[in-house]
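Taking it in order: structure first as structure tokens, then the write-up.
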Amino acid sequence: MTQPARTRFAPSPTGYLHIGGARTALFAWLYARHTHGQFILRIEDTDRKRYVPDAVEKIIEGLRWLGLDWDEGPDVGGPYGPYIQSQRLEKYQQAADWLVEHGHAYRCYCTPDELAEMRAQQQARKEKIGYDRRCRWLSPQERAAKEAEGRSWVVRLAVPLEGQVTFHDVIRGQVTFQNAELQDAVLLKADGFPTYHLAVVVDDHDMAITHVIRGEEWISSAPLHVHLYHAFGWELPVFAHTPSILKPSGKGKISKRELTTPDGTTIPVMLHQYPGLGYLPEAMFNFLSGIGWSLDDHTEIYDKETAIKHFDLKDINPAPARFPAEKLDWMNGVYIRKLSPEALHQRLLPFLSRDLGIPQEELAKDERLKVLIPAIQERIKRLIDATPLVDYLYVDEVDLGDPLSLVPRKTTPQETVTILHAIIDELQAVAAWDEATLEQTLRALARTRGWKAGQVFAPIRQALTGKKVTPPLFPILVALGREESLRRLQRALRILQAHLEQP
RNA sequence: GCCCCCAUCGUCUAGAGGACUAGGAUGUCAGCCUUUCAAGCUGAAGACAGGGGUUCGAAUCCCCUUGGGGGCGCCA
């Protein structure tokens, strides 16, 4: 058995949770649960300029919807709190001071304007872009002078000038960078807030995180973090840089607040958009876990417990993946079909209520709807797909459109009038109004009169719903009841006849 | 431009030197079923990016090329 791991998901509240972030969180959660360790939620709100007020709330909502839970976090507390970085500022400031005192970092007095100017010059001379370390070599006297001027300063990491750093990544193996390629990154900003680099390292160490699981966009700053761990004399955590999820087009990774178009259709990339479209959280979980990881060589549908049992970081595929949107729809359909009719009924209520403008309580009691649930269950991929399959129940008069739409293929309008008459006669006389009896009766009618079943069914479908595509007829007849069904059939017949009598 | 990561059917993936005639899924197409549409079942087409090595043997190891992704901020 592997050692219990402490993993964390550390989103920045500069926006909402997107698919890629959710999948990374899911992997970190899976690994914590797999090892019977802990999963921690930490909020990295060190960028005051880009802070989005309700982002934390939305992110938490999204993670919970997905079915993730955390042992420690801003909302649940824990022994290593606080779990919000803006509440831990002293820790970072102390850490930065310590680094400066011990020669691992230095104060830099350059202003943003000076830095911009420096970069512009580097660009003009086609030199490598990056901080030229001018403040690293300042003499004590020069420093004293800068401070006397009252200039503000940032703390920068003094990276080794030569040699290389190597770290081990569970899903990529050894990764090596030349120190000469590294920047003297800012650790503490002029406003006293830490940058990501300082804050993650300090917090991951403080919170006893054993596995740093994050998106692959962090690979290039990992060497900086390794140097920080070394400077502090701390033990390195295990790194796992998760592959990014690309747009369905394959061009670029999925980014915040962007809707992507594969071939005309738009696909939401923010997690919070999915519940409202009628995707089930258990389907979403299953689906997301299957991007960059697979249970085995043939299992597609599995629950959380099974995933936990099989999951391992080292099995993550390092290659970036496109977002396979079509597969999500298929999988969501699978999960919808797995629901009991009662459960599906419950989950459908908010969507139908919204689309039909009918209070949920009213719909919940509607027996007609219940009759139709099993029939629509295998016909929808998302919860929002149900509305057009039941909306005809809730209209006073069906919109028949062109009266000739009542006429089936290979049938004349006159013949259709005859068929409708026969249907109405038959249904008025039918002994019991249940699916079996109705089917028997109508099939018998077709047989004795020499009509194809479709010639009888098509006009009924059209008369009752005004649609060409609907769930099966008999549940609809039962749902509407004898009286309403006949009323709609008679009205359809009248309209067709009237149409035929016109010159 | 420089650095890093990556490379199996259209797409998501299995594959850790011989078990590969490269497996599963999705999507597509066809057939069956059938009252429409679905669902279901059957079947088909469909991939190791290219080139060099290493080895008795390579999808699997190494190198190069190409292609994709990421990074190069007082953003995370």
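Please read these numbers as outputs of a predicted model, since none were measured by experiment. Sequence lines set the chain letters: A, B, ... in the order given, protein chains first and strands last, and positions in each chain run from 1.
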Does a nitrogen or oxygen in the side chain of R50(A) sit under 4.0 Å from OP1 or OP2 of rA76(B)? no
Between R337(A) and rG40(B), is there a contact of a side-chain N or O with OP1 or OP2 at under 4.0 Å? yes
To the nearest Å, how far apart are L182(A) CG and rC72(B) P? 12 Å
Rounded to the Å, how far apart are I129(A) CD1 and rC72(B) P?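 Rounded to whole Å, this separation is 12 Å.
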Once you apply a heavy-atom cut-off of 4.0 Å, does [X] come out as touching a base, just sugar-phosphate, or nothing?
X	value
P13(A)	nothing
G215(A)	nothing
W293(A)	nothing
P318(A)	sugar-phosphate

Could you run down nucleotides 16-32 of chain B 5' to 3' and tag each one B, S or - for protein heavy-atom contact under 4.0 Å? -------BBBSS-----
For T437(A) and D434(A), what are the C-alpha separation, side-chain angles and deciding distance, and is it a side-chain hydrogen bond (donor to acceptor under 3.5 Å, both in side chains)? CA-CA 6 Å; T437(A) 310; D434(A) 59 67; 2.8 Å; yes
Mind running a 4.0 Å heavy-atom check of residues 162-179 of chain A against RNA chain B and sending the residues that fall below it, in number order? R172(A), V175(A), T176(A), F177(A)
Using a distance-only criterion (donor-acceptor N/O pair, under 3.5 Å, no hydrogens), is the base of rU11(B) paired with the side chain of R322(A)? no
Mind checking the C1' distance from rG46(B) to rA22(B)? Whole angstroms is fine. 13 Å
Listed by chain and number, what are the side-chain contact (heavy atoms from CB on, under 4.5 Å) partners of S86(A), not counting sequence neighbours?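 Per chain and number, S86(A) pairs via side-chain contact (heavy atoms from CB on, under 4.5 Å) with D45(A), I84(A), F193(A).
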